[in-house]
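Numbered from 1 within each chain, the chains take letters A, B, ... in sequence-line order.
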Amino acid sequence: MSERISIRVEKSVLATDKGTRLSKLLAGLDLPAKPVLAEVDGRIVDLDVPLDKDGDVVLLYPDSERALDVLRHSGSHLMAHAVLDLFPGTQVGIGPAVENAFYYDFLRETPFTTGDLASIEARMKELAARDLPIERVVLPKAEAVSLFREKGQTLKVELIEEKAGAEATCYRQGDFIDFCLGPHLASTGRLRHFKLLSVSGAYWKGDERNQQLQRIYGTAFFSKDQLEGYLNLIEEAKKRDHRKLGPELDLYSFADDLGSGLPLWHPKGARIRAVIEQHWRERHWAGGYDILYSPHIGRAKLWQTSGHLGFYKDSMYSPMEIDGQDYYLKPMNCPFHILIYKSRLRSYRDLPLRWAELGTVYRYERSGVLHGLLRVRGFTQDDAHIICTPGQIEDEILRVLDFSVSLLADFGFIDNKIDLSVRDPKNPDKYCGSDDLWCRAEASLVKALETRGYPYERMEGEAVFYGPKIDIKIKDALGRLWQCTTIQFDFNMSERFDMTYIGEDGREHRPYMVHRALLGSLERFFGVLIEHTNGNFPLWLAPVQAAVLPIADRHDGYASGLVARLREDGLRAEADLSREKVGHKIREAELRKVPLILIVGDKEVREGTASLRIHGQGDKGPVDIGAFLAKAQALVRNRSLTVLW
RNA sequence: GCCAGCGUAGCUCAGCAGGUAGAGCGGCUGAUUUGUAAUCAGCGGGUCAGGGGUUCGAAUCCCUUCGCUGGCUCCA
């Protein structure tokens with residue numbers, strides 16, 4: 001008679017024989033979905049695991065991030081296995097699961113090309129079909145080292161020597177073995193739905209001084225539907241890529257002769273930007289900010305004082321000499337705002353000061369990092385500096401947090417992820433400012449987040465050297481996160497520029513300074529907005545809000561009159577007076593994604609109306625012009641995200 | 001910056017065992033006067049990203065510069 005054990009699974013407590021496989025135990029349970037892995041005593045295991053003692057079992061379902069990580073990690077092993085089969089002599093680096101994907105780094109004389117992906121994937125399918133068991137093997141360190149050395153895997157040897165204790169945990173499948181902590185799936189046959197995505201370079205251990213390896217990315221899912229869903233998402237993202245849509249909709253362009261990373265805003269893009277800027281200004285004035293302007297260049301002395309020439313020079317454009325003085329293009333606006341602060345003596349009665357600027361800055365970005373509008377060399381920050389007394393800081397942080405969230409919501413971004421970046425506790429020396437300052441700053445950030453009940457992730461070691469910060473990432477229509485907002489304490493500038501205010505006590509005090517950008521950069525925000533809306537801008541932002549299409553040229557006069565009237569009432573309208581059939585004009589207007597389309601022919605001229613068509617929705621029938629205008633203006637005023645008639 | 005890939009008309013792309021460039025759409029001109037996603041016809045348009053080399057001859061092969069893409073590193 002075998003020993004009985006007691007297992008708690010999903011609220012049920014089950015008694016079973018010692019050694020029973022978990023899958024067998026689960027067979028008798030009525031589960032909401034099919035689990036793929038389980039966590040027993042804090043370890044992720046396969047469902048085939050024999051249960052040998054009392055314990056809690058947490059089931060992991062295919063939508064669980066942790067289960068997917070295990071799947072993808074096994075996927076990376078399968079890929080490495082296939083690569084070593086196909087390309088003997090290749091060395092393997094590391095191969096983890098990452099968000100939505102996995103990768104493995106390889107060292108091989110001939111670099112992989114995208115053409116190699118198909119054959120590697122085919123070999124992976126073969127290895128999966130053989131359903132090789134994936135076994136955990138623990139070897140004494142010396143044995144592991146000599147094993148991998150024999151195989152010529154010197155990168156692995158290096159890893160084992162660095163990371164393994166007395167023993168090295170490895171995973172073996174067929175003739176492939178890898179130094180790895182796991183966990184993994186039970187066998188290669190569990191990997192059914194995977195796809196290799198791309199090849200790229202990556203530095204060994206992420207350090208650009210090290211040799212460059214070749215990284216192959218792939219992804220894997222538990223079901224075919226999920227894999228296809230993900231691949232479709234990539235396709236959809238490609239379709240709404242702002243680098244494709246932007247030029248297509250004539251919003252912006254880049255020119256080779258201009259230089260890379262320097263966007264040109266075309267009339268329609270500029271119109272959207274102007275609307276954004278106008279809204280931004282109004283919100284800022286209403287929100288207690290003052291707006292500043294400052295020049296694009298400044299003397300070297302300024303940048304020495306600010307410290308930029310010390311710690312930021314690599315990202316600055318080379319100086320230009322004027323009258324024997326070096327001037328630099330500004331990479332940040334802060335020094336200018338500080339000079340305005342210092343232009344007179346400040347009293348505690350003047351504080352808080354909230355100074356904002358749409359400041360255009362230039363930063364030298366390495367050519368490889370440029371990316372459409374999302375990463376450029378010349379861009380306009382919606383910058384602001386809040387200068388206040390220590391006693392005001394908590395209120396000010398809360399205020400700027402509320403203001404940020406509310407401004408983002410105006411554009412339809414209501415699903416945000418918030419990161420709190422704090423010091424690296426292991427490395428206190430690399431930060432400026434006193435311990436006390438850091439603690440108080442961090443406390444005020446935390447307090448603001450908790451007052452509003454916003455969930456946030458604490459990122460240790462992610463703070464910049466001059467202070468802790470809150471970053472807000474907005475989630476777009478495809479669920480992707482984009483960093484826009486940053487709210488940063490700055491303990492550095494106030495010291496360097498010796499900023500002071502006269503307190504109630506008549507003595508000089510050091511103000512707190514908070515640096516913030518809400519949309520981040522107008523360029524990046526615009527790029528995200530294009531992708532988020534797929535170019536279908538909400539009515540209040542649409543560069544052309546209404547297109548008036550006369551059916552025949554005898555209706556041109558009526559159409560032009562209608563456009564004039566709409567414009568007088570503040571609607572951005574255009575008439576299409578080309579000699580095309582109305583079907584063609586409609587197609588053109590739809591392709592330009594004009595939200596409101598007004599068609600006018602004999603009937604409309606006779607009755608003084610227009611026939612309304614809404615982009616993406618089709619024919620809405622005749623409308624009275626006055627009623628149309630009122631409705632359109634209301635949609636603009638409310639910044640409505642959809643056009644519902 | 002690094003690794004890999006790419007750069008042919010405004011756009012999408014064909015041409016590439018080396019023999020001085022083509023299509024569709026867009027544009028222009030003309031005809032058509034049109035009712036909810038493409039009317040017809042004609043005509044223009046490219047030092048094949050720039051420069052250099054190999055060759056009798058280069059869009060095609062090689063080198064180099066610039067730009068773009070996917071990553072690495074960095075960041076708004």
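- A gap of 23 Å separates the P atoms of B:U29 and B:U47, to the nearest Å.
- Between A:H371 and B:G70 there is a side-chain polar atom (N or O) within less than 4.0 angstrom of OP1 or OP2.
- Remark: A:S611 is not in phosphate contact with B:G35, judged by side-chain N or O atoms under 4.0 Å from OP1 or OP2.
- Sorted by residue number, the members of residues 194-208 of chain A with any non-hydrogen atom under 4.0 Å from RNA chain B read A:S198, A:V199, A:S200, A:G201, A:A202, A:Y203, A:G206, A:E208.
- Remark: A:Y217 is not in phosphate contact with B:A4, judged by side-chain N or O atoms under 4.0 Å from OP1 or OP2.
- With hydrogens and angles ignored, a donor-acceptor pair closer than 3.5 Å exists between the side chain of A:R613 and the base of B:A37.
- Picking from B:U33, B:C74, B:G67 the nucleotide with the shortest atom distance to the side chain of A:R375 gives B:C74.
- A gap of 32 Å separates the P atoms of B:C68 and B:G18, to the nearest Å.
- Interface remark: the A:E604 side chain does form a donor-acceptor pair with the B:G35 base, using a distance-only criterion of under 3.5 Å.
- Counting any heavy atom pair closer than 4.0 Å across all strands shown, A:Q483 reaches sugar-phosphate atoms only and no base atom.
- For A:H584, counting side-chain heavy atoms from C-beta on, the closest listed nucleotide (B:G26, B:A4, B:C72) is B:G26.
- Here A:E580 lies in heavy-atom contact (under 4.0 Å) with a base.
- Taking the side chain of A:L591 as heavy atoms from C-beta on, and the options B:A37, B:U73, B:U34, the nearest nucleotide is B:A37.
- Contact annotation: A:S367 reaches the phosphate of B:G1 (side-chain N/O to OP1 or OP2, under 4.0 Å).
- The base of B:A76 lies outside donor-acceptor range of the side chain of A:Q488, with no N or O pair under 3.5 Å.
- Distances shorter than 4.0 Å separate none of the side-chain N or O atoms of A:T486 from OP1 or OP2 on B:A76.
- Under the stacking criterion of a centre-to-centre distance below 5.5 angstrom and an interplanar angle below 30°, A:F379 sits stacked against the six-membered ring of B:A76.
- With both ends at atom P, the span from B:C16 to B:A59 equals 14 Å, rounded to whole Å.
- Aromatic rings from A:W303 and A:F311 are positioned such that their centres are separated by 6.0 Å or more.
- Of the P atoms belonging to B:C11 and B:U73, the separation is 34 Å, rounded to the nearest Å.
- Across all strands shown, A:D382 has no heavy atoms under 4.0 Å from either base or sugar-phosphate atoms.
- Using a 4.0 Å heavy-atom distance criterion, A:R554 is classed as a sugar-phosphate-only contact.
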Return the polar atom pairs (N/O with N/O) between nucleotides 41-44 of chain B and the protein under 3.5 Å, or none.
none

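- Comparing B:C25 with B:U39, their C1' atoms are spaced 16 Å from each other, to the whole Å.
- Comparing B:C72, B:A37, B:A76 against the side chain of A:R215 picks out B:C72 as the nearest.
- OP1 or OP2 of B:C2 has not a single side-chain nitrogen or oxygen of A:R209 nearer than 4.0 Å.
- Scanning atom types as modelled, no donor and acceptor separated by under 3.5 angstrom connect the side chain of A:R243 and the base of B:C68.
- For A:I551, taking side-chain heavy atoms from C-beta onward, the closest of the listed nucleotides B:G35, B:C74, B:G1 is B:G35.
- Taking atom C1' on both nucleotides, B:G46 is separated from B:G27 by 15 Å, rounded to a whole Å.
- Atom name P, nucleotides B:G10 and B:G50: the rounded distance is 12 Å, in whole Å.
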